[in-house]
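This report refers to the structure that appears directly beneath it.
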Amino acid sequence: MPYPFSDIEPKWQAYWQQHQTFRTPDDVDTTRPKYYVLDMFPYPSGSGLHVGHPEGYTATDITARYKRMKGFNVLHPMGWDAFGLPAEQYALQTGTHPAVTTEKNINRFREQLQSLGFSYDWQREVATTDPAYFKWTQWIFLKLFERGLAYEAEAPVNWCPALGTVLANEEVINGRSERGDHPIVRKPMRQWMLKITAYAERLLADLDDLDWPESIKEMQRNWIGKSEGAEVDFALDGLEATLRVYTTRPDTLFGATYMVVSPEHPLLDQLVTDETRPAVQDYRAKAAMKSDLERTELAKTKSGVFTGSYAVNPVNGEKIPVWTSDYVLISYGTGAIMAVPGHDDRDYAFANAFDLPIREVISGGDLSKEAFTGNGVLVNSANDDISLNGLEVTESKAKITAWLESKGLGQGKVNYKLRDWLFSRQRYWGEPFPLLHLDDGTVAPVPLDELPLMPPAVDEYKPSPDGDPPFARNPEWLNTTDPATGRPARRETNTMPQWAGSCWYFLRYIDPQNDQALIDPEKEKYWMPVDLYVGGAEHAVLHLLYARFWHKVLYDCGVVHCKEPFHRLVNQGMILGEVEYTLFRNTDGTPVSASEIRDEHDFTSERLPESEAVKKGDSFVWKQDPAIQLRAKANKMSKSRGNVINPDDVVKQYGADSLRLYEMFMGPLEQVKPWSMKGVEGVYRFLNKVWRLFELPLTDTSCDKEQKRLVHGLIKKVGEDIEGMRYNTAIAAMMEFVNAAGKWSELPREAAEPFVLLLSPFAPHMGEELWEKLGHAESLAHTPWPDYDEEALTLDSVEILVQITGKPCARLDVPSTATADELINLAKAHPDVAAALTGKTIRKEIAVPGRLVNIVAT
RNA sequence: GCCGGAGUGGCGGAACUGGCAGACGCGCCGGACUCAAAAUCCGGUGCCCGUGAGGGCGUGUGGGUUCGAGUCCCACCUCCGGUACCA
């Protein structure tokens, strides 16, 4: 008889809800330590929960339950990142208000999460779409606006025609939209920008103290992209203007043989001559038309046009031609460069393409083959006033920069790749900007007491006939007056991007009902920062950088007391579908080895059962024809592949405890791992074994020495593993314990009770049920975690290995307290060892207490 | 190209600061129970040679350090993730 999970699980879920077991009261005893465990809140999609969600959620739930039992005040909330495109797309198609769809999806998600037995405090639930919530998102935006961190700019933006909106740089991957993989084009538009660049240095520096995966910190560092160099002004021959460039290699200034300005550079119009104008204009038009994707794809061959003008190199007075090319980006540095083809790969390629001179100023390379970008000694770098010749790169940089500064020709400069955050979207389903455009052209904030500013009712969710965002469809909403000045005004029609709401939700959980403030300062002080934050690595730069930025702004405003919101971050690895064995066939049906497949579309593929696959060498081959290699691979779960596992089905078949246990038993949390239904059955069998263990007669006699050792060893192991988030090995240890205890004839309460407590964070429903069977009237959720007795762990005797020069020779039982010297003596006394040593000279004796003895003899 | 991470049985994965590689689970093989099956229980299971006792080889590859290396060092290969004209 399998254990009745379908009775037990709903029973305890109802109990927890009814008894508010996981409620974290507003007025906790703040003398006790706190622990804030946070999950990245989900977007409540229409397709419901996916097995990837409960992975991180189970990990945090185990830690939350464990910390509660360890006496911490635990904050473990859940909510919804509920603005987003799918609900709006659905609204476009059906006319259903996105709020309706969103609410439905949230209800479904909540039910699914509750069926997994997570110990969230549901009274703290927040949704970014809730007016009581986005009131404060708007409030924070006004803070940014007040501080000059939000501004409007006419800027070339990433316009995505398919999504009908602009995207931030971070949302564009290889010239395509991160969501939906649609092409992106550059288009100048009026947009709201947030000045995240003002925080670049702090966002970079404060990474150092965070307990985050090194890879994520590195990605953020790369994204911020700090570089140190100099700005240098080049006079333009025959023009009043000067051309300013940014370079990280001022040491190579004597090697500059031409210059390049970006096609969007403001000086370009002045640089062209009558002869070059048609070609330059043509080139600029073509560059503007190109999507980012095309620019990237064409990156291999350099293109460009000579402008007709010359610049003067400030170090040697040399006249060098100014070109324009799209390999120079307007958005970085000054949008213009000095080209040093001898010591920069891109300039080298360009110089070769257009036959421009290449000059060596750093020795050590072979410029006939490639640019030399390494370190070396400066050559050909002197004028009447200064010489860099003979110096190394680092010294030269400092010397030339100082010289430029003294001559007023340039100065040292730090640059960042990070650009300002494009913060507006031309959509309906997002937070309205609380801003008014007055008839005099100024922008005024909506007064605080009018927040939240609600989105207008509209007849359709499409852009307006004039191409304005959907909000412009409602003229009564759109046209208003500014209460401060009485002037006629038009409301801002853009909406905020989805990231806005997720930038600060972790603060709202702390004080979710507060309608006077975003958060009560006392509560903030107690609960922040988040102690443990778990979520997917896909948010490495986007959400995590934005949230850090807003947090620093709120810190500057005095709203929060800590500089960084998330102390420890852990990324859970993706869960892939089951391993699939695929056989490929030619169009004529002949089987083909997987290693020969270049383009999958030229072949037909057939999924084989595991029994058809045989391991041969490094790969799997077809059982019926071992000459044919199969492809054995676990793929991402996707609807189109049909390999999606629905957690509801798993819960129905094996129960929530089995799902939780399996997700943790699969392997280390951070790792990518394939799903296996057989694996779920394995942990389900384990839970059944536990259930049967508790059918043994329960006794009040105390444990014998061996039982005590097992129990205390398990307490130690499980506690340490949860602290280290090694949930898989904690479960393995519990399995070992149950395998051993299964051989007992009766079950001492002294062993049963701690075991149930240890199991309960992992399999909480079974934990509660067994706890009740043990005669307890109340939930175990707040029962103290058991302590272990170090003394109970030690064995009287241990088996050690005796090696002679590294080869195993004998095994002997020794008292576990034996010292190194005693071990060597005991070892030598062993007849096999003595025999092996006769006639040999002992060179060295090594003994590791409790492990082994190694006698080196020749 | 650059940055980050990882390579251990048929599979997922264990192995503390260098100390008996393969815990635990899956799968497979054999046995018990059963009319039979499922479930459950017991035993076995890295690979190769050997009937056997036993022997040899084994943590991506090649070197090195060490009494001893999955673990440390050097070089390389493969895979995964990120990023890509950032001057």
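Note on naming: letters A, B, ... go to the chains in the order of the sequence lines (proteins, then strands), and numbering restarts at 1 for each one. On a predicted model such as this, the values are computed, not experimentally measured, just so you know.
Residue A:Ser325 has no polar side-chain atom (N or O) positioned under 4.0 Å from OP1 or OP2 of B:C85.
The pair A:Glu214-A:Arg221 meets the salt-bridge criterion, since a charged nitrogen lies less than 4.0 angstrom from a carboxylate oxygen.
The gap from the C1' atom of B:A39 to that of B:U34 amounts to 11 Å, rounded to the nearest Å. Rounded to the nearest Å, the gap between the C1' atom of B:G82 and that of B:G68 is 39 Å. The P atoms of B:G19 and B:G70 are separated by 10 Å, rounded to the nearest whole Å. To the nearest whole angstrom, the two C1' atoms, one in B:U61 and one in B:A6, are 16 Å apart. Taking atom C1' on both nucleotides, B:G31 is separated from B:U66 by 47 Å, rounded to a whole Å. A gap of 29 Å separates the C1' atoms of B:U45 and B:C79, to the nearest Å.
Proximity of a side-chain donor or acceptor of A:Ser619 to a complementary backbone N or O of A:Gln629 within less than 3.5 Å is not detected.
Listed by chain and residue number, nothing satisfies the salt bridge (charged side-chain N to carboxylate O under 4.0 Å, His left out) test with A:Glu578 (two or more places apart in sequence, or in another chain). Scored by the side chain to side chain donor-acceptor pair (under 3.5 Å) test, A:Ser262 finds A:Glu264 as partners (sequence neighbours excluded). Annotation: side chain to side chain donor-acceptor pair (under 3.5 Å) contacts of A:Lys417 (sequence neighbours excluded): none. Residues meeting the side-chain contact (heavy atoms from CB on, under 4.5 Å) test with A:Ser325, sequence neighbours left out: A:Val260, A:Tyr283, A:Tyr327, A:Phe350. With sequence neighbours excluded, no residue satisfies salt bridge (charged side-chain N to carboxylate O under 4.0 Å, His left out) with A:Lys743.
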Might you list the N or O atoms of the protein lying below 3.5 Å from N or O atoms in nucleotides 11-16 of chain B, with each pair's distance?
unit_1: B:C11; atom_1: OP1; unit_2: A:Lys615; atom_2: NZ; d: 3.0
unit_1: B:G12; atom_1: O2'; unit_2: A:Met666; atom_2: O; d: 2.7
unit_1: B:G13; atom_1: OP1; unit_2: A:Gln671; atom_2: OE1; d: 3.3
unit_1: B:A14; atom_1: OP1; unit_2: A:Asn728; atom_2: ND2; d: 3.1
unit_1: B:C16; atom_1: N3; unit_2: A:Arg851; atom_2: NH2; d: 2.6
unit_1: B:C16; atom_1: N4; unit_2: A:Arg851; atom_2: NH1; d: 3.3
unit_1: B:C16; atom_1: N4; unit_2: A:Arg851; atom_2: NH2; d: 2.8

Tabulate protein N/O versus nucleotide N/O from nucleotides 72-77 of chain B, keeping only pairs under 3.5 Å, one per line.
none

Extract from the structure each pairing of a protein N or O with an N or O of nucleotides 65-69 of chain B at less than 3.5 Å, listing the distance.
unit_1: B:C67; atom_1: OP1; unit_2: A:Lys844; atom_2: NZ; d: 3.1
unit_1: B:C67; atom_1: O2; unit_2: A:Asn854; atom_2: ND2; d: 2.4

Dump the pairs, protein N or O against N or O of nucleotides 54-59 of chain B, anything under 3.5 Å, distances to one decimal.
none

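Taking the six-membered ring for Trp and the full ring otherwise, A:Tyr662 and A:Trp675 have centroids separated by under 6.0 Å.
Its glycosidic angle being within 90° of 0, B:G9 falls on the syn side.
At a threshold of 4.0 angstrom between heavy atoms, the contacts of A:Asn739 are confined to the sugar-phosphate backbone, with no base atom among them. Among the atoms of the strands shown, only primed sugar atoms or phosphate atoms (P, OP1, OP2) are found under 4.0 Å from some heavy atom of A:Arg685. Contact annotation for A:Lys226: no contact, since no heavy-atom pair falls under 4.0 Å across all strands.
Within a 6.0 Å sphere centred on CD of A:Glu845, heavy atoms belonging to other residues, nucleotides or ligands number more than 12.
The distance from the CG atom of A:Leu661 to the CG atom of A:Asn728 is 11.0 Å, given to the nearest 0.5 Å.
Remark: RNA chain B takes part in the stems B:1-7 with B:77-83, B:10-12 with B:24-26, B:27-32 with B:40-45, B:46-49 with B:54-57, B:60-64 with B:72-76, each of 3 or more antiparallel Watson-Crick or G-U pairs, criterion distances under 3.5 Å.
Heavy atoms only, all atoms of each residue included: A:Ala818 and A:Leu823 are closest at CB-CD2, 3.9 Å.
Between the side chains of A:Tyr246 and A:Ser227, a donor-acceptor pair is found at a separation under 3.5 Å.
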Side chain to side chain contact (heavy atoms under 4.5 Å, CB included) assessment of A:Leu404 paired with A:Val232: CA-CA 8 Å; A:Leu404 288 167; A:Val232 185; 3.8 Å; yes
Return a table of donor-acceptor pairs under 3.5 angstrom between the side chains of residues 337-344 of chain A and protein atoms on other chains or two or more places apart.
unit_1: A:His343; atom_1: ND1; unit_2: A:Phe372; atom_2: O; d: 2.8
unit_1: A:His343; atom_1: NE2; unit_2: A:Val361; atom_2: N; d: 3.0
unit_1: A:His343; atom_1: NE2; unit_2: A:Ile362; atom_2: N; d: 3.2
unit_1: A:Asp344; atom_1: OD1; unit_2: A:Arg346; atom_2: N; d: 2.9
unit_1: A:Asp344; atom_1: OD1; unit_2: A:Arg346; atom_2: NE; d: 3.1
unit_1: A:Asp344; atom_1: OD1; unit_2: A:Asp347; atom_2: N; d: 3.0
unit_1: A:Asp344; atom_1: OD2; unit_2: A:Arg346; atom_2: NH2; d: 2.4

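Listed by first and then second residue, the salt bridge (charged side-chain N to carboxylate O under 4.0 Å, His left out) pairs involving residues 668-681 of chain A are A:Glu55-A:Lys673 (not counting sequence neighbours).
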